[in-house]
Structures are given as structure tokens and as C-alpha cells.
Protein chains: 2
Amino acid sequence: MTPSHIEHIGIAVTNLETAINFYEKVLGLKCYHIEEVAEQKVRTAFFMVGQTKIELLESTDPEGPIGKYIAKKGEGIHHIAFAVEKIEDQLAHAEKLGVKLIDSTPRKGAEGLDIAFLHPKSTNGVLIELCENKKG
Amino acid sequence: MTPSHIEHIGIAVTNLETAINFYEKVLGLKCYHIEEVAEQKVRTAFFMVGQTKIELLESTDPEGPIGKYIAKKGEGIHHIAFAVEKIEDQLAHAEKLGVKLIDSTPRKGAEGLDIAFLHPKSTNGVLIELCENKKG
């Protein structure tokens with residue numbers, strides 16, 4: 001039941017190109033993929049750092065989750081995603097312990113992963129995503 | 001010049017024991033170390049997830065950096081630390097590109113690492129730490 005690694009860190013940015021430039025030029029990372037996730041109203045850019053992806057999130061709609069987040073809190077780290085197995089069991093386990101869930105059943109996220117969010121009210125203010133790669 | 005992995009993710013919490021309980025009971029991680037860093041006015045608790053540590057930070061003084069952060073923004077993800085080599089060269093490189101530095105030269109952080117922070121104004125709102133393990 002223990003997460004194997006941090007799958008990604010989601011970072012809300014106002015301008016994807018400016019942020020990509022920072023991670024490439026200053027930190028020397030390489031953006032390997034840009035994807036629009038229409039359902040989440042974001043454009044995303046991915047970088048690999050060891051086992052973990054940096055996922056930059058630019059809002060495509062002020063009413064989307066990242067648009068609202070930036071309006072309220074500004075740019076910054078939005079969520080952490082833990083790579084797990086048997087995501088349905090993990091969610092049931094968390095719910096049994098009184099953790100409030102945003103997604104009570106997994107849904108499809110970027111890169112085809114099965115994902116679900118726990119509510120920050122139950123997690124010391126941190127938006128935590130669980131995700132599972134069922135593609136093997 | 002590319003970071004090898006995410007060394008840790010720092011999370012500001014109001015109560016270390018409550019937060020430890022969440023990461024142990026809900027996520028199944030194991031707290032392997034608790035350390036007070038007097039200089040930073042925090043008590044920290046560490047968990048390993050693959051290559052990356054989760055570092056919970058509880059303030060021991062409202063005037064310390066985490067105390068001020070929580071008063072302003074509440075609990076949540078405070079910073080990301082990238083593991084690098086030749087940290088002095090990395091800082092010089094970032095400064096040359098116009099990045100504002102919080103630490104222009106490395107100082108000692110938790111677990112004896114050499115650390116330095118970049119200023120969030122230059123990094124899309126993300127407090128980024130570079131750290132190097134010179135103990136080998």
C-alpha cells in the first residue's frame with residue numbers, strides 16, 4: 001500500500017512558455033511533451049527529473065481549476081502526485097480513515113494515467129493526487 | 001548541470017504529529033527521522049518515497065520562515081529541492097541569467113546538505129532549493 005515514488009509535481013503558471021524557459025535554461029531540464037487537457041482546462045508541459053515529472057499547468061479558462069487557483073493564490077506548487085498500485089483500494093483505505101476525497105473513483109488524467117485527488121482539508125492543506133499506470 | 005532527482009519536497013504544517021499520522025496511516029509511509037533545525041526555527045519529519053523525501057516542517061517560532069509562511073498562506077507545499085552537483089556553479093549560472101538568489105553562497109541545511117534557495121520572484125512563484133550532498 002506504500003507509494004513507490006513521486007510521480008509528478010504539478011505547478012500552476014500564468015505563462016507556459018516563460019516557465020518552460022526557466023526550467024530549461026536555468027535548471028537545464030528538457031521539456032519532452034506539451035499536452036492540452038481539455039477536461040481540466042489546462043495546457044501542460046512535462047520535464048523528467050529522476051523518477052519524477054515536473055508538470056507545468058497553464059490555465060486555458062479562468063473558470064477552470066488552475067485559473068481559479070491562480071486568481072486566488074497566485075502561481076506556485078499546485079499538487080503532488082504519488083504513484084500507487086491498486087488505486088481503488090488506496091481510495092477505499094483513505095475514506096475508511098475519514099479522509100475527504102475529491103474523486104471517490106479514479107478518472108483519466110494526463111498521459112492516460114488513472115488518477116484521483118484527496119481533499120486538502122484532510123491532508124494538511126496539500127492537494128494530493130494518487131495515480132496508477134495501468135498500462136503496465 | 002541537470003538535477004539528478006527531486007531531493008525533497010518541503011511541506012509546512014501546523015502540527016507535526018498530526019501530519020506524521022496522515023502520511024503514515026493514510027499513505028503508508030514511514031517517518032524515519034525527526035530533527036529540530038534551530039537556525040530555521042523548525043521541527044522536521046522525514047519520509048522516503050522512492051528517490052524523494054517528504055520533509056514536514058513545523059514552526060517553533062512565529063517569527064521564523066515557516067511560522068510567517070503559515071500565517072500568510074496557511075499550511076501547504078513550501079518548497080521543492082533539486083539535487084545538483086557543483087552547487088556553486090549552478091548558483092553562478094542562475095545569477096548570470098538574471099535569477100534572484102536568496103542565498104548567493106550555499107549554507108548547511110538539514111541532514112548536513114549544502115543548500116541554497118532561489119527567489120520565488122524569479123521562479124514562477126515556486127520556492128526552489130538547490131542542494132548537494134558533498135559527503136559522497
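Each chain gets a letter, A, B and so on, in the order the sequences are listed, and its residues count up from 1. It should be emphasised that the depicted structure is a prediction, and the values quoted were computed from it without experimental measurement.
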Q: Measure from the side-chain N and O atoms of B:His93 to the backbone N and O of A:Lys25, and report whether any donor-acceptor pair falls under 3.5 Å.
A: yes

Q: State whether the side chain of A:Thr52 and the backbone N or O of B:Ile6 hold a donor-acceptor pair below 3.5 Å, judged by distance alone.
A: no

Q: Could you tell me whether a side-chain N or O of A:Gln51 sits under 3.5 Å from a main-chain N or O of B:Gln51, the two making a donor and an acceptor?
A: yes

Q. Top residue by heavy-atom pair count (under 4.5 Å) with chain A, among B:Leu130, B:Ile9, B:Val13?
A. B:Ile9

Q | Approximate separation, where rounding is to 0.5 Å, of A:Ile80 CD1 and B:Ile80 CD1 | A | 8.5 Å

Q.
To check you understand the geometry: which heavy-atom pair defines the closest contact between B:Pro3 and A:Leu27, and what is its length?
A. CD-O, 3.0 Å

Q. Quick one: what part of B:Leu56 sits under 4.5 Å from any heavy atom of chain A, side chain, backbone, both or neither?
A. neither

Q: Determine the option with the most heavy-atom pairs under 4.5 angstrom with chain A, choosing from B:His5, B:Lys30, B:Glu75, B:Met48.
A: B:Glu75

Q: Measure across B:Ala94 and A:Val26 and return the closest heavy-atom pair with its distance rounded to 0.1 Å.
A: CB-CG1, 3.8 Å

Q) Do B:Phe22 and A:Val99 come within less than 4.5 Å of each other through their side chains, counting heavy atoms only? A) yes

Q) Tell me, side chain or backbone of B:Ile11 under 4.5 Å from chain A's heavy atoms, or both, or neither? A) side chain

Q.
Are the side chains of B:Tyr23 and A:Val126 in contact, using a 4.5 Å heavy-atom criterion?
A. yes

Q: Examine whether an atom of B:Ile77 lies under 4.5 Å from a heavy atom of chain A, and if so say whether it belongs to the side chain, the backbone or both; otherwise answer neither.
A: both

(Q) With a 4.5 angstrom heavy-atom cut-off, is it the side chain or the backbone of B:Thr14 that approaches chain A, or both, or neither? (A) neither

